[in-house]
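Treat the numbers as computed from the prediction; the structure is a model and nothing was measured. Note on naming: letters A, B, ... go to the chains in the order of the sequence lines (proteins, then strands), and numbering restarts at 1 for each one.
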There are 2 protein chains.
Amino acid sequence: MNESKGRSIPETVKGVPEPTLRRLPLYYRLLKQLRDSGRAGVSCTMIGTELKLDPTQIRKDIEVTGTVGRPKVGYDINELICAIERFLGWDNTVEAFLVGAGSLGEALMGYGGFTECGLQIVAAFDVDPTKCHRVMHGKHVRHVSKLPNLMRRMKVRFGIITVPAAEAQQAANLLVEGGVLAIWNFAPAKIQVPERVIVTNEDLYCSLAVLSQKMTRKLALSRSKGGSKP
Amino acid sequence: MNESKGRSIPETVKGVPEPTLRRLPLYYRLLKQLRDSGRAGVSCTMIGTELKLDPTQIRKDIEVTGTVGRPKVGYDINELICAIERFLGWDNTVEAFLVGAGSLGEALMGYGGFTECGLQIVAAFDVDPTKCHRVMHGKHVRHVSKLPNLMRRMKVRFGIITVPAAEAQQAANLLVEGGVLAIWNFAPAKIQVPERVIVTNEDLYCSLAVLSQKMTRKLALSRSKGGSKP
DNA sequence: CATAAATCGAGAATTATTTCTTTATATATA
DNA sequence: TATATATAAAGAAATAATTCTCGATTTATG
Ligand SMILES: NC(=O)c1ccc[n+]([C@@H]2O[C@H](COP(=O)([O-])OP(=O)(O)OC[C@H]3O[C@@H](n4cnc5c(N)ncnc54)[C@H](O)[C@@H]3O)[C@@H](O)[C@H]2O)c1
Ligand SMILES: NC(=O)c1ccc[n+]([C@@H]2O[C@H](COP(=O)([O-])OP(=O)(O)OC[C@H]3O[C@@H](n4cnc5c(N)ncnc54)[C@H](O)[C@@H]3O)[C@@H](O)[C@H]2O)c1
């Protein structure tokens with residue numbers, strides 16, 4: 001499709017739409033299930049039925065991974081799984097530092113599921129002296145002051161922030177000092193970083209807003225139809 | 001703007017765009033900070049500078065809450081905060097049941113931040129007998145078999161799922177049996193519910209996909225520019 | 001009191017994303 | 001072998017979301 005230079009992922013100048021990126025893990029998960037159940041091939045129609053999504057959209061999403069399918073047949077499941085892994089960068093291990101060994105941080109450290117995506121938390125950092133020098137789920141917790149140097153020495157380039165919102169900027173600064181490339185920020189706070197650093201906020205309040213507004217709206221509508229008096 | 005029937009939130013037939021809903025908490029948070037710092041008014045220009053967003057977009061977002069501003073002046077901060085709260089339904093307390101008192105579930109139970117949004121976890125449920133009859137962060141943990149009845153009796157209509165992916169559907173079924181209206185699903189699994197039930201998935205893999213793909217892409221581009229040979 | 005500057009509000013234009021349409025191709029079946 | 005059918009692929013159309021433009025309004029200032 002491009003000049004065929006031996007790479008199968010097309011290096012588009014424009015990035016891939018974020019909605020597409022957010023759907024790929026959904027396909028990935030389903031595909032693994034299908035593979036485990038013994039299937040070898042899959043069509044967009046089938047994925048769409050399963051996930052309640054439009055088959056054309058799925059086809060376009062799959063296209064960005066560089067996988068080609070065959071009419072009437074669909075895609076080879078293994079090939080597709082590998083392509084998604086490769087496209088998302090889940091085929092390589094990425095080591096990460098976690099800042100803030102509190103309850104959320106500890107839950108993330110104990111969670112094994114992200115190894116599937118190549119993500120491996122290798123150490124945690126905290127300001128609380130009672131948390132430092134401990135080992136949580138096999139990971140050392142060190143004092144934050146050690147973070148930048150250790151990060152450079154270990155060549156770690158991925159950071160996870162799970163400190164209180166008020167401390168998030170400080171945590172981000174340390175990661176930047178350590179040469180971080182990407183930050184997954186769980187604190188409900190906006191952090192300022194140099195432009196080269198990629199940030200994704202896991203802001204639970206945003207999801208909650210969607211849910212509670214829809215619920216509120218539905219209640220309001222049903223009340224106005226049901227007709228309780230003012 | 002509508003027939004003025006005493007309510008300030010316009011009941012549009014079409015729902016509000018989800019991107020708008022996801023931005024409102026960002027404004028809300030900033031507005032509270034500004035209020036605490038003594039300000040009384042705010043303009044979209046200021047919010048936009050602070051949050052690095054387009055002022056027009058902010059203006060359109062604010063419009064859905066029914067707040068009107070004044071040219072040259074902007075909006076009254078208090079009024080705006082109240083309008084967002086009202087619009088999202090964060091001005092009323094909503095009681096919730098949590099299913100799956102594991103590490104993530106416990107973190108959520110211990111987290112006080114959601115009371116700001118009116119969300120209050122009132123009880124947790126688990127299958128593990130060693131977790132039942134315990135109290136976590138002041139909340140009773142009961143056996144899941146008790147969930148549907150208790151939910152109806154207590155008139156709880158909000159559910160949070162933090163069980164392993166394989167059990168998510170089962171958890172959802174119990175919530176539906178209890179008459180749930182809205183579910184916040186943290187398990188990386190698609191759940192099937194009746195159409196009347198609102199579901200929001202907090203799928204960490206989707207966010208991670210965005211982050212790791214961008215990081216992978218950036219690395220690939222810098223490598224091809226830097227020019228390491230094959 | 002007139003003028004300038006900032007900002008809202010409404011609508012137009014642009015851009016992004018999804019959905020529809022058509023065509024070509026591979027497989028199965030008669 | 002011919003025909004029917006499911007499906008990928010490509011592109012067009014429709015829809016959704018963002019960004020731009022401009023007129024109106026309010027406040028501050030000379
Ligand atoms: N726990 C949840 O369920 C939940 C839900 C939504 C959002 N969050 C957000 O996640 C973050 C963590 O929440 P939590 O419940 O784990 O809080 P927590 O208080 O349990 O943990 C925070 C940890 O960060 C450490 N810390 C504080 N300042 C630090 C600094 N400057 N550098 C390094 N470490 C520092 C603290 O010592 C503590 O161990 C918060 O921003 C919170 O708003 C948590
Ligand atoms: N822990 C994390 O950081 C993290 C991160 C991303 C996603 N998740 C997801 O969140 C969910 C919970 O993760 P976790 O780490 O807390 O797991 P966990 O194993 O610590 O907790 C799960 C809890 O659910 C209970 N449970 C199992 N089946 C149940 C059922 N049918 N009904 C009621 N309770 C049941 C278990 O007894 C356990 O207490 C999982 O789906 C996981 O994939 C967790």
Tell me if a side-chain donor or acceptor on A/K60 pairs with a main-chain N or O of A/P55 at a distance below 3.5 Å. no
A/D61 atom CG is separated from C/dT19 atom P, nearest whole Å, by 11 Å
Centroid-to-centroid, A/F125 to A/F97, below 6.0 Å? yes
**Message:** For a quick check of understanding: with a heavy-atom distance under 4.0 Å over all strands, which category does A/T45 fall into, base, sugar-phosphate or nothing?
**Reply:** sugar-phosphate
Between CZ of A/R70 and C1' of C/dA28 the distance, given in whole Å, is 14 Å
Side-chain atoms of A/P71 come closest, of C/dA12, D/dA10, C/dT25, to C/dT25
inquiry  = Determine whether the aromatic ring centres of residues B/F114 and A/Y205 are separated by less than 6.0 angstrom.
reply    = yes
Between CE of A/M46 and P of D/dA8 the distance, given in whole Å, is 10 Å
Picking from D/dT7, D/dT26, D/dA10, the nucleotide nearest the side-chain atoms of A/E63 would be D/dA10
Whole-Å distance, A/Q57 CD to D/dG11 C1', equals 17 Å
**Prompt:** Does a nitrogen or oxygen in the side chain of A/T56 sit under 4.0 Å from OP1 or OP2 of C/dT19?
**Reply:** no
A/K60 atom NZ is separated from D/dT7 atom P, nearest whole Å, by 17 Å
- Query: Quick one: do A/D203 and B/R29 make a salt bridge, cutoff under 4.0 Å?
  - Reply: yes
Count the heavy atoms of every other residue, nucleotide or ligand shown that sit under 6.0 Å from CD of A/E116, and state whether that count exceeds 12. yes
Next item on the list: Ignoring hydrogens and angles, answer whether the base of D/dT5 and the side-chain atoms of A/K72 contain a donor-acceptor pair closer than 3.5 Å.
Entry: yes
Give a yes/no on whether any side-chain N or O of B/Y75 is located under 4.0 angstrom from OP1 or OP2 of C/dG9.
yes
From the candidates D/dT18, D/dA8, D/dA17, the one with an atom nearest any side-chain atom of B/P17 is D/dA17
Whole-Å distance, A/I58 CD1 to C/dT17 P, equals 17 Å
Of the listed C/dA10, C/dA26, C/dT19, the closest approach to the A/V73 side chain comes from C/dA26
Whole-Å distance, A/R59 CZ to D/dT7 C1', equals 6 Å
* Determine: side-chain N/O of A/R22 to OP1/OP2 of C/dT17, distance under 4.0 Å, yes or no. => no
Taken to the nearest whole Å, NZ/B/K52 to C1'/D/dT19 is 19 Å
